[in-house]
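Comments concern the structure below.
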Amino acid sequence: MNARSTLRRYIGRHLFVLGMGIAGAAATGEALAGCGMYTGASGKPPNWGISGAAGRMHEDNTGRPASNATGIVGMWKVTLVSDGTAYPIPIPNGALIDFGTAQWHSDGTEVLVSGGRAPSTGDVCMGVWEQIGNSTYKLKHVGLSYSSTDSVPPSSPSVFLGPAIIRETVTLSHSRDSYTGTFTIDQYAADEVTLIEHIGGTVTATRFTVD
C-alpha cells in the first residue's frame, strides 16, 4: 500500500477538521468535512442565508444603524465553503465546509459554534481577532477535534485527534450587516506538529439582531 493510500485510510478513520471533521467516506469523496461534516447541499438549513429578519440590521428611529450594531462586534450566522484547494485529500470547490453561529466580542475574543457537527466531536472553537483596516479584520481560532460515537466511523471511548487552526480575513459590508472573506483550516495530529489536512475557502456571514 502506498503512502497516499495509507493517508487516505488514516483520514477516513480519524480526521476531523476545525475541531470539526473529514468524514470516514473521504477516501471515496462522498462525504468530506471541514469545521462540520460535509453532507452535500442538504447539510445546511435551506433558509441559512442573508434573507429574512436575521439578515437585517437594527436601526434606531433616525434610520441610522444603532451603535451596538457597528463594527465586527456582535453575533453572526456564518457559512464556510471550500474553494477546491484542499490537500492532500481534495474537497470539491463549492462544497459546504461548515455553518454555525459566531460571536465577536469587544475584548478581541471570538467564539464559533458549529451547526455542521455533533457536539461530542468538538463543535465549539474559540479565537482572537484584531482590526487591520477600515472595515477589515483578521481572526485566528482553534478547534479541538475528537472521534466519538457520532464520528464516521464511530469511536468509543472518545479519542482526541488534534487541534485545527482556523484563520480568516473578512471585510464588513457598507451596511455592516454582513461580512465576507477567506479562511484556511490546518488540521494537525495530536502532536500539534504533523499537518493532516489543509482547507481553503470563502466565509460569509450575516448579523443576528434582536428583531
Side-chain angles (χ1 to χ4, degrees), residues 16-22 32-52 54-57 69-87 90-105 108-117 122-145 163-188 197-209:
F16 285 78
V17 176
L18 217 198
M20 327 220 150
I22 281 185
L32 300 172
C35 56
M37 291 186 181
Y38 169 57
T39 57
S42 62
K44 182 179 68 171
N47 61 346
W48 193 268
I50 294 176
S51 62
R56 295 195 298 269
M57 188 175 185
T70 59
I72 198 72
V73 172
M75 184 172 176
W76 302 85
K77 297 173 66 174
V78 180
T79 301
L80 291 87
V81 175
S82 170
D83 63 6
T85 62
Y87 65 85
I91 296 177
N93 183 30
L96 175 66
I97 298 301
D98 199 20
F99 67 97
T101 55
Q103 288 187 336
W104 296 62
H105 308 135
T109 61
E110 176 262 5
V111 176
L112 170 71
V113 179
S114 168
R117 63 178 288 116
D123 67 332
V124 177
C125 302
M126 295 187 292
V128 292
W129 63 270
E130 66 179 26
Q131 188 167 356
I132 59 173
N134 184 42
S135 298
T136 303
Y137 304 80
K138 69 176 181 180
L139 168 71
K140 176 183 178 181
H141 66 202
V142 61
L144 304 180
S145 308
I165 304 300
I166 305 96
R167 299 178 186 270
E168 297 178 11
T169 300
V170 301
T171 301
L172 279 173
S173 65
H174 179 72
S175 62
R176 296 178 180 263
D177 61 358
S178 64
Y179 66 74
T180 60
T182 59
F183 74 88
T184 60
I185 304 171
D186 290 301
Q187 175 67 56
Y188 293 92
E197 178 76 358
H198 171 85
I199 296 176
T202 57
V203 54
T204 59
T206 57
R207 189 185 294 274
F208 269 114
T209 75

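We count residues from 1, following the sequence as given.
- The only option from Lys140, Gln103, His141 that meets the side chain to side chain donor-acceptor pair (under 3.5 Å) definition with Glu110 turns out to be His141.
- In this structure, the side chain of Ser173 engages the main chain of Ser178 through a donor-acceptor pair within 3.5 Å.
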Using the side chain to side chain contact (heavy atoms under 4.5 Å, CB included) rule, take Thr182 and Thr184 through it: C-alpha gap first, then chi angles, then the decisive distance, then the call. CA-CA 7 Å; Thr182 59; Thr184 60; over 6 Å; no
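- Once rounded to the nearest 0.5 Å, the distance linking CH2 of Trp129 with NZ of Lys138 reads 12.5 Å.
- Residue Gly143 comes nearest to Cys125 through the heavy atom pair CA-SG, 3.6 Å, listed as atom of the first residue, atom of the second, then distance.
- If you take CD1 on Ile199 and OG1 on Thr85, they are separated by 9.0 Å, rounding to the nearest 0.5 Å.
- Listed here is the closest heavy atom pair of Ser82 and Asn93: O-OD1, 3.3 Å.
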For Asp177 and Thr206: C-alpha separation, side-chain torsions, deciding distance, then whether side chain to side chain contact (heavy atoms under 4.5 Å, CB included) applies. CA-CA 6 Å; Asp177 61 358; Thr206 57; over 6 Å; no
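- One distance of note links CD1 of Ile165 with OH of Tyr188; it measures 7.0 Å at 0.5 Å rounding.
- A search for side-chain hydrogen bond (donor to acceptor under 3.5 Å, both in side chains) contacts involving Thr171 returns Thr136, not counting sequence neighbours.
- Looking only at distances, no side-chain donor or acceptor of Glu130 sits under 3.5 Å from a matching main-chain atom of Tyr137.
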Run the numbers on Met126 and Thr109 for side chain to side chain contact (heavy atoms under 4.5 Å, CB included), then give the verdict. CA-CA 7 Å; Met126 295 187 292; Thr109 61; over 6 Å; no
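- His174 NE2 to Ser135 OG: the interatomic distance, rounded to the nearest 0.5 Å, is 9.0 Å.
- A search for ring-ring contact (aromatic ring centres under 6.0 Å, His included) contacts involving His105 returns nothing, not counting sequence neighbours.
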When you look at Ile185 and Ile97, which way does the side chain to side chain contact (heavy atoms under 4.5 Å, CB included) test go after all the steps? CA-CA 10 Å; Ile185 304 171; Ile97 298 301; 4.0 Å; yes
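- In this structure, Ala164 and Gln187 approach most closely via the heavy-atom pair CB-OE1, 3.3 Å.
- Note: Ile72 CD1 to Leu172 CG = 4.0 Å, rounded to the nearest 0.5 Å.
- Results of the side-chain contact (heavy atoms from CB on, under 4.5 Å) test with Trp104 over Leu139, Val111, Leu112 single out Leu139 as the only residue that passes.
- Closest of all the heavy-atom pairs between Glu168 and Phe183 is CG-CB, 3.8 Å.
- Closest approach of Val78 and Ala205 over heavy atoms only: CG2-CB, 4.0 Å.
- Between Thr180 and Thr202, the closest side-chain pair of non-hydrogen atoms is not below 4.5 Å.
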